[in-house]
Amino acid sequence: MKGQVEVALKGDRSTGEYKRTLERLTAETDRLVILVEKLLILARYEMHGIEFEKEQINLGEMAEATLEQLAETADNKQVRITEQISTDCYVAGDTSALIQLLLNVIQNAIKFTPQGGVIDVTVKVVANACVLSVRDSGPGIASEHLEHVFDRFYQADPSRAREGGLGLGLAISNEIAKAHNGRLSIATDQKIKGTTVSLTLPTWDSGPRSDQ
C-alpha cells in the first residue's frame with residue numbers, strides 16, 4: 001500500500017490514475033480490516049475463551065435459513081444443493097456464532113465446488129448429538145493437508161489465497177465448535193474426491209423445548 005502511494009505521488013498523474021490507485025487502496029484496506037477482525041476473534045477464543053449466553057437453537061432450521069441466504073451465490077455458480085435436514089435437532093448455542101460457522105463452511109463448499117457440481121447438506125440426530133454435514137463435489141484435500149486445515153492461515157491450495165481467501169474461516173469455525181462443546185471434522189474421499197465437513201454438537205438438554 002505504501003508503495004502504491006509513493007508511485008502515485010511521483011510526478012503528475014491524471015484524475016483517472018489517482019482514482020484507480022485509491023480504488024486499489026480501498027480494496028486492500030477492506031481486506032486488512034477483515035483480516036484484523038478475524039485475528040481478534042481468534043485471539044479471544046484461543047487466549048481468553050468466550051462464554052456464550054447460550055439458548056435453545058433448532059440447528060436444522062438454522063441450516064435451512066443459511067442455505068436460503070446463500071442460494072443466489074450457489075445459483076450464480078450453477079452449483080446444486082441437496083438437503084436432507086431434520087428440524088428436530090436442538091442444541092444449546094449462540095445464534096450469531098453458529099450462523100458464522102455455518103456460513104463459513106457452506107460458503108467454502110460453494111467456492112471450491114466446480115460449476116455444475118453438487119453439495120449435499122444433512123442435519124440429523126445421532127445418539128445424543130446433532131450432526132450437520134456439508135459434502136461438496138470439489139477436488140478434495142490431499143491427505144497430507146487434512147491435519148492442518150484448522151491451522152490459521154493454512155491453505156492447502158495456493159489458488160485460494162489468489163481468490164481472496166485468508167485461511168482463517170475454518171480456524172474460527174473450529175474454535176466456535178469447541179466453545180460449544182462440539183467438534184468440527186473434515187474428510188476427503190480419495191476415490192470419488194469431494195470434501196465433507198461435519199459439525200457435531202451435543203443435543204439440547206438444559207430444559208424443555210420451546211415448542212412443547
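The chain is numbered in sequence order, starting from 1.
Residues E64 and T87 meet the side-chain proximity criterion, which asks for heavy atoms closer than 4.5 Å. Counting only heavy atoms from C-beta outward, the side chains of S96 and D94 approach each other to under 4.5 Å.
Using a 3.5 Å distance cut-off with no hydrogens or angles, the side chains of T113 and S137 do not pair a donor with an acceptor. For the 3.5 Å distance criterion, the side chains of E55 and T95 qualify, holding a donor opposite an acceptor.
Put simply, L67 and I99 are part of the same group of oily side chains (I, L, V, M, F, W, Y) that touch within less than 4.5 Å, one to the next.
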Assess the residue pair V79 and D136 against the criterion (side-chain contact (heavy atoms from CB on, under 4.5 Å)); give the C-alpha distance rounded to whole Å, side-chain angles, the decisive distance to 0.1 Å, and a yes or no.
CA-CA 10 Å; V79 169; D136 64 49; over 6 Å; no
Please assess K54 against N181 for the test side-chain contact (heavy atoms from CB on, under 4.5 Å), listing each intermediate value before the final yes or no.
CA-CA 12 Å; K54 296 177 182 177; N181 299 315; 3.9 Å; yes
In sequence, state the C-alpha distance, the side-chain angles, and the governing distance for Y90 and N58, and then conclude on side-chain contact (heavy atoms from CB on, under 4.5 Å).
CA-CA 5 Å; Y90 293 85; N58 187 314; 3.6 Å; yes
Under the side-chain contact (heavy atoms from CB on, under 4.5 Å) rule, what do L59 and L132 come out as? Steps first, then yes or no, please.
CA-CA 8 Å; L59 189 63; L132 177 144; 4.2 Å; yes
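Side-chain atoms of N174 never come within 3.5 Å of backbone atoms of L170 as a donor-acceptor pair (strictly under, hydrogens ignored). A donor-acceptor pair is defined here as one N or O able to donate and one able to accept, closer than 3.5 Å; such a pair exists between the side chain of T203 and the backbone of N128.
In terms of heavy atoms, A63 sits closest to V123 at CB-CG2, 4.0 Å.
Taking OG1 from T73 and NZ from K111, the interatomic distance works out to 11.0 Å, rounded to the nearest 0.5 Å. For the atom pair CD of Q100 and OG of S173, the computed distance is 7.0 Å after rounding to the nearest 0.5 Å. Between the OG1 atom in T66 and the CG atom in N104 there is a gap of 10.5 Å [rounded to 0.5 Å]. Atom CZ of residue R183 and atom OG1 of residue T200 lie 5.0 Å apart, to the nearest 0.5 angstrom. Atom CG of residue L103 and atom CG of residue N108 lie 11.0 Å apart, to the nearest 0.5 angstrom. Here the NZ atom belonging to K124 is positioned 13.0 Å from the CD1 atom belonging to I85, to the nearest 0.5 angstrom.
Here V131 is tied into one hydrophobic group with V126, each link being a pair of ILVMFWY side chains closer than 4.5 Å.
Remark: S14 engages E17 in a side chain to side chain donor-acceptor pair (under 3.5 Å) (not counting sequence neighbours). In terms of the side chain to side chain donor-acceptor pair (under 3.5 Å) criterion, K77 has no residue partners (sequence neighbours excluded).
Each of T122, I110, I119 was checked for a side chain to side chain contact (heavy atoms under 4.5 Å, CB included) with V134, and the lone residue meeting it is I119.
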